[in-house]
2 protein chains.
Amino acid sequence: MASEPAETTQAAADFDAMSSSKTSPSTRQTRVRRREGAIISAARNMFVTHRYAGTTMAMIAREAGVADGTLYTYFENKDALARGVISDFYKRLTESSQIGVDGKRTTRTKLDFLARHHLGCVMDERGIIEMLPALTTSLTDYAGSEVYKLNKTYVAVFDRIVREGRACGDIPGDADVSVLRDIFYGALDYGGKSLMMRSLRSGARKADMTRLVDRLVGMIVGTSSHTKSVADRLEAVADRLEASLKQVEDT
Amino acid sequence: MASEPAETTQAAADFDAMSSSKTSPSTRQTRVRRREGAIISAARNMFVTHRYAGTTMAMIAREAGVADGTLYTYFENKDALARGVISDFYKRLTESSQIGVDGKRTTRTKLDFLARHHLGCVMDERGIIEMLPALTTSLTDYAGSEVYKLNKTYVAVFDRIVREGRACGDIPGDADVSVLRDIFYGALDYGGKSLMMRSLRSGARKADMTRLVDRLVGMIVGTSSHTKSVADRLEAVADRLEASLKQVEDT
DNA sequence: AGCTAAATTGAATAAGGTTCAGCTGTCTTA
DNA sequence: TAAGACAGCTGAACCTTATTCAATTTAGCT
């Protein structure tokens, strides 16, 4: 998760494959790709260790082994470079999440993995996603941005789990998926921050994480057994009653 | 460390209270405090409309009607000024929240109000709290900061509701309060962002907010399927249904 | 009024993001 | 293979802004 070459190499390979000209591994295109990867990697290192405000373009250039001006041939400005780092982060996060989720069977274990994986990655490269708000000039701009699309792609992993969970009855209720999504990721981000602060004193990070994730996933999946008891049927009735009641109340 | 705004204000207040001399409303202390208020207010306006990166110290000085250098007699630097704005925000938020909550009777209505109030305030002065991550140099520093203490004071409003709710049986489970707190505020912040983005297209902000808050509060209070007994739940639904129908009939 | 210290000022300084005129290596074409 | 064209690269100069500080003003006091 630390080094990007996997992602960059992959992208470069795709690009080469698309262009019909067979280029040797040291063609100009390849070198440019490689260098872009090096810059993003360097920028990530600096941003993670010194935060956005604490890293200068000169630091990134030195770390990447290029001149200051070179950065501007790859990214319009410091903000765009930071957005590039975030985009890269989301790409890696999406891929590793989907792979991990595919290896789990039940709705609960999928969500459990996703939550822990998210927490781990975000805490690992803490500061990367936290740059986002400061980089968002306006919501309308953000809505059309690359980062927004990649974020949507990432959370789609969660959305799919929820929809499948609904289909097989694991997830009760009929709330909008977006509501569950906000609760899931919002709670994880806040919980992650609390976790880090608490682990400054007591190193009991793992137990704390388990408590948070269990509670959160439990809230979504529900603890109801799968036996079709009278209680379950009553529950379903209550669900429907509540839904129509809400409609009445809203008008 | 030391974000001094609150520091200074508090110190000044203490000083006045201690000195037996009755100072007229145009004493030096008073004027200083007034000016500090003007600076914080000016800074808030600029930060809200232009974000942190987009506002210059010169802009704030002009808005506050003082010279550039004057800002630095009140705040160590731009970061400290921003922290002062955040501190001020938390103070107002805490007070208005507590007042509102005190006006509600049940656990559910208290949480419902708190959630809506939080969402409203944060969306209203959006960008203020979002500055925080960028201003946090290190977690250890933050743990001892004024802003952190004020945040703790603010979320204590929530903590109290939860504890009372537990005591009277409204809130089931024995999860750590901190977990519920992270879920509550995390979900609200994320949900708030989603809300704003969605309301760019469809102006259905109110209905969306209701859905989010209901689901979230329901998860905590336990009207949801897995926490309360079915009998209790049906009873509660019947109560609400009767009340709503009465309202409908009256109109 | 005169003294002291706190407040205030705004021009000077410094840091860092950004630009751009030139340089270098690679590709293309004859 | 040599010459021309050009993409990429360079880093010193430029410009905006946060920050400093010596000088000045103002308030409080005797």
Side-chain angles (χ1 to χ4, degrees), chain A residues 12 15 19-39 42-43 46-47 50-85 131 134-135 137, chain B residues 4-5 8-9 11-12 15-16 19-39 42-43 46-47 50-85 131 134-135 137:
Chain A
F15 189 81
S19 68
S20 53
S21 68
K22 274 161 195 162
T23 50
S24 72
S26 69
T27 181
R28 181 181 282 178
Q29 306 269 4
T30 307
R31 255 177 295 110
V32 165
R33 278 286 157 177
R34 230 191 269 295
R35 183 152 276 193
E36 181 176 312
I39 289 175
M46 295 298 101
F47 286 146
H50 302 98
R51 285 152 308 110
Y52 180 82
T55 83
T56 68
M57 294 300 268
M59 285 166 68
I60 298 173
R62 186 152 35 79
E63 174 90 0
V66 300
D68 295 13
T70 305
L71 299 179
Y72 291 86
T73 66
Y74 287 88
F75 298 92
E76 193 183 337
N77 52 33
K78 194 182 177 186
D79 280 18
L81 177 48
R83 276 192 290 267
V85 170
M131 296 191 297
L135 299 175
T137 308
Chain B
E4 39 299 73
T8 308
T9 300
F15 187 81
D16 276 351
S19 71
S20 51
S21 70
K22 275 156 195 165
T23 50
S24 73
S26 68
T27 180
R28 180 181 284 179
Q29 306 270 4
T30 307
R31 253 176 298 109
V32 165
R33 236 175 311 158
R34 226 191 275 293
R35 183 154 276 192
E36 181 178 308
I39 289 175
M46 293 299 102
F47 286 146
H50 301 98
R51 287 154 306 112
Y52 180 83
T55 83
T56 69
M57 293 300 267
M59 285 164 70
I60 298 172
R62 185 153 36 79
E63 175 91 0
V66 300
D68 294 12
T70 305
L71 299 179
Y72 290 87
T73 66
Y74 287 87
F75 298 93
E76 195 186 334
N77 51 34
K78 194 182 177 186
D79 281 19
L81 177 48
R83 276 192 290 267
V85 171
M131 296 191 295
L135 299 175
T137 309

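Letters go in sequence order (proteins before strands), and every chain restarts at 1. Since this is a predicted model, take the numbers as computed values, not measurements.
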Hey, could you give me the CZ/OG1 distance between A/Arg35 and A/Thr73, rounded to the nearest 0.5 Å? 8.5 Å

Non-hydrogen atoms of B/Met59 and B/Gly54 that approach each other most closely: SD-O, 3.7 Å

Determine the contact category for A/Tyr74: base if any of its heavy atoms lies under 4.0 Å from a base atom, sugar-phosphate if only primed atoms, P, OP1 or OP2 are that close, otherwise nothing. sugar-phosphate

Footprint string (nucleotides 10-26 of chain D, 5' to 3'): B base within contact, S backbone only, - free, heavy atoms under 4.0 Å: BB-----SSBB------

Least distance between heavy atoms, B/Lys78 atom then B/Thr55 atom: NZ-O, 2.9 Å

Closest non-hydrogen atom pair between A/Ile60 and A/Ile39, with its separation: CG2-O, 4.3 Å

Of all heavy-atom pairs between A/Asp68 and A/Ala61, which one has the smallest distance, and what is that distance? OD1-CB, 3.6 Å

Nearest-Å distance for atom pair CD/C1', residues A/Glu36 and D/dC9: 15 Å

How long is the line joining CG of A/Leu81 and P of C/dG16, in whole Å? 17 Å

Going by the rule ring-ring contact (aromatic ring centres under 6.0 Å, His included), which residues pair with B/Tyr52 if we only count those two or more places apart in sequence or in a different chain? B/Phe47

Value rounded to 0.5 Å, distance of CG in B/Asn77 from CE in B/Met57: 7.5 Å

Rounded to the nearest 0.5 Å, the CG atom of B/Leu135 sits from the CZ atom of B/Arg83 at a distance of 6.0 Å

For the helix from C/dA1-D/dT30 to C/dA30-D/dT1, what is the angle between the axes at its two ends, each from 5 pairs, rounded to 10°? 10°

